[in-house]
Amino acid sequence: MTRAFKTTLFLLTTSVISMSALADFKQAPLPYASNALEPAIDHQTMEIHYGKHHKAYVDNLNAQIKTYPELDKIELIQLQKQISKYNTAVRNNGGGHFNHTFFWDSLAPTAKTGQPSATLLKKINQDFGSLDAFKQKFNEAASGRFGSGWAWLIVTPDGKLAITSTPNQDNPLMDIAETKGTPLLGLDVWEHAYYLKYQNRRADYIKAFWSVVNWNKVNERYTQAVKK
């Protein structure tokens with residue numbers, strides 16, 4: 001083995017190790033087939049949304065580890081809570097990775113969506129008046145978000161349910177959020193989430209969203225949130 005070959009092999013190996021060390025954040029597989037949410041969310045949109053948009057957030061976030069080496073030791077949720085320490089790229093891509101991971105788990109095929117638990121429904125009735133009133137207020141937050149962003153159902157620090165919206169890829173866990181809380185349900189209202197099927201009809205997309213809300217997951221999140 002020549003010295004030049006050994007040097008090349010060393011550099012390649014070092015590069016692979018370095019890339020591996022930086023690739024800390026992972027994109028989990030979808031919890032269902034990419035066509036499983038039709039007709040509410042079409043197959044093509046899901047494949048582009050998950051395979052292109054979400055993947056780009058993960059890749060871009062991992063690229064920031066070169067600038068902030070400590071990121072390879074921070075859990076994604078903890079990153080949201082200290083996002084003000086980092087640059088815009090970490091905020092946008094770290095938020096994008098968290099929000100989309102959360103979003104996929106918030107959805108389920110119609111046959112597996114479940115219903116709000118008795119405990120959660122009681123709290124919804126208490127804080128919003130009724131399930132229908134809650135949905136109406138959530139719809140208003142989603143439709144009223146100017147440009148790109150998200151609508152959220154959260155548990156506030158004082159234990160109440162609240163609806164909020166955030167711009168771009170921000171979320172209520174971030175230390176810079178206007179309204180902070182533990183998210184239970186989130187809806188992506190970026191155009192890439194719905195434009196292929198709904199064009200500019202965001203209201204139709206929001207209406208269809210309710211048919212694929214994974215209430216079983218929302219119930220689980222609520223139980224965990226009130227135990228903290």
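Here CZ of F134 is found 6.0 Å from CZ of F128. Values are rounded to the nearest 0.5 Å. Residue I124 holds its CD1 atom at 9.0 Å from OH of Y222, rounded to the nearest 0.5 Å. Here the CG-CD distance, from D175 to Q82, works out to 8.0 Å after rounding to the nearest 0.5 Å. Note: N214 CG to W104 CH2 = 14.0 Å, rounded to the nearest 0.5 Å. Atom-to-atom distance recorded for L131:CG and Q136:CD is 12.0 Å, nearest 0.5 angstrom. How far NZ of K55 is from NE2 of H53: 13.0 Å, rounded to the nearest 0.5 Å.
At a threshold of 4.5 Å between non-hydrogen side-chain atoms, the residues K180 and L173 do not count as touching. In this structure the side chain of L120 reaches within 4.5 angstrom of the side chain of L161, judged on heavy atoms. Residues T182 and I154 form no side-chain contact, since every pair of their non-hydrogen atoms from C-beta on lies 4.5 Å or further apart. Side-chain contact between L79 and L61 is present, with at least one heavy-atom pair separated by less than 4.5 Å. Within the 4.5 Å cutoff, side-chain heavy atoms of L37 are placed close to those of P109. The shortest distance between side-chain heavy atoms of L71 and D24 does not fall below 4.5 Å. Looking at N139 and W210, their side chains come closer than 4.5 Å, going by heavy atoms from C-beta outward. Within the 4.5 Å cutoff, side-chain heavy atoms of Q169 are placed close to those of H100.
Distance alone, capped at 3.5 Å, is enough to place a donor-acceptor pair between the N62 side chain and the F25 backbone. With hydrogens and angles disregarded, no donor-acceptor distance shorter than 3.5 Å links the side chain of E191 to the backbone of S148. Proximity of a side-chain donor or acceptor of N99 to a complementary backbone N or O of N171 within less than 3.5 Å is not detected. Remark: the backbone N or O of I41 is not paired with any side-chain donor or acceptor of T45 at under 3.5 angstrom. N60 contributes a side-chain N or O that, together with a main-chain N or O of A56, makes up a donor-acceptor pair within less than 3.5 Å. A distance-only check finds no donor-acceptor pair linking the side chain of K197 to the backbone of Y194 [under 3.5 Å]. The closest donor-acceptor contact from the side chain of N216 to the backbone of K112 lies under 3.5 Å.
Clustering ILVMFWY residues whenever any of their side-chain heavy atoms sit less than 4.5 angstrom apart, transitively, puts Y50 in a cluster other than the one holding I48. No continuous path of ILVMFWY side-chain contacts below 4.5 Å connects L196 to M46, so the two sit in separate hydrophobic clusters.
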Note to self: Quick one, V155 with K160, criterion side-chain contact (heavy atoms from CB on, under 4.5 Å). Give me CA distance, side-chain angles, the key distance, then yes/no.
What the structure shows: CA-CA 6 Å; V155 178; K160 295 181 180 179; over 6 Å; no
Next item on the list: Determine, stepwise, if the pair D132 / S130 fulfils side-chain hydrogen bond (donor to acceptor under 3.5 Å, both in side chains).
Entry: CA-CA 5 Å; D132 286 342; S130 69; 5.4 Å; no
Next item on the list: Would you sort out whether H43 and E38 count as a side-chain contact (heavy atoms from CB on, under 4.5 Å), showing the intermediate values?
Entry: CA-CA 7 Å; H43 184 201; E38 290 188 335; 3.2 Å; yes
Next item on the list: Run the numbers on S143 and R202 for side-chain hydrogen bond (donor to acceptor under 3.5 Å, both in side chains), then give the verdict.
Entry: CA-CA 7 Å; S143 60; R202 183 188 288 187; over 6 Å; no
Checklist line | Test log, rule side-chain contact (heavy atoms from CB on, under 4.5 Å), inputs I74 and Y86 | finding: CA-CA 13 Å; I74 299 176; Y86 300 99; 3.2 Å; yes
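The number of heavy atoms from other shown groups lying within 6.0 Å of NZ (K137) does not exceed 12. In the displayed structure, E178 atom CD is contacted under 6.0 Å by at most 12 heavy atoms of other residues, nucleotides or ligands. In the displayed structure, I176 atom CD1 is contacted under 6.0 Å by more than 12 heavy atoms of other residues, nucleotides or ligands. Heavy atoms from other residues, nucleotides or ligands lying under 6.0 Å from CD of E70 number more than 12.
A side chain to side chain contact (heavy atoms under 4.5 Å, CB included) with L184 holds for exactly one of R221, Q224, K217, E220; it is R221.
The distance between the ring centers of H54 and H49 does not fall below 6.0 angstrom. In summary, the aromatic rings of F103 and W152 are positioned with their centroids too far apart to meet the 6.0 Å limit. Taking the six-membered ring for Trp and the full ring otherwise, W190 and Y195 have centroids separated by 6.0 Å or more.
A donor and an acceptor atom, one from each side chain of N87 and Q64, are located under 3.5 Å apart. Between the side chains of W150 and N168, not a single donor N or O lies within less than 3.5 Å of an accepting N or O.
Annotation: ring pair (Phe, Tyr, Trp, His ring centres under 6.0 Å) contacts of Y32 (sequence neighbours excluded): none.
Closest non-hydrogen pair, A108 versus T113, comes out as O-CG2, 3.5 Å. Residues G114 and W215 approach most closely at O-CD1, 3.6 Å, considering heavy atoms. The shortest non-hydrogen separation linking R145 to S165 is NH2-OG, 3.1 Å. Closest heavy-atom contact between T223 and K227: O-CG, 3.2 Å. Residues T156 and A162 share a closest heavy-atom pair of CG2-CB, 3.7 Å. In terms of heavy-atom proximity, T110 sits nearest to S211 at OG1-O, 3.6 Å.
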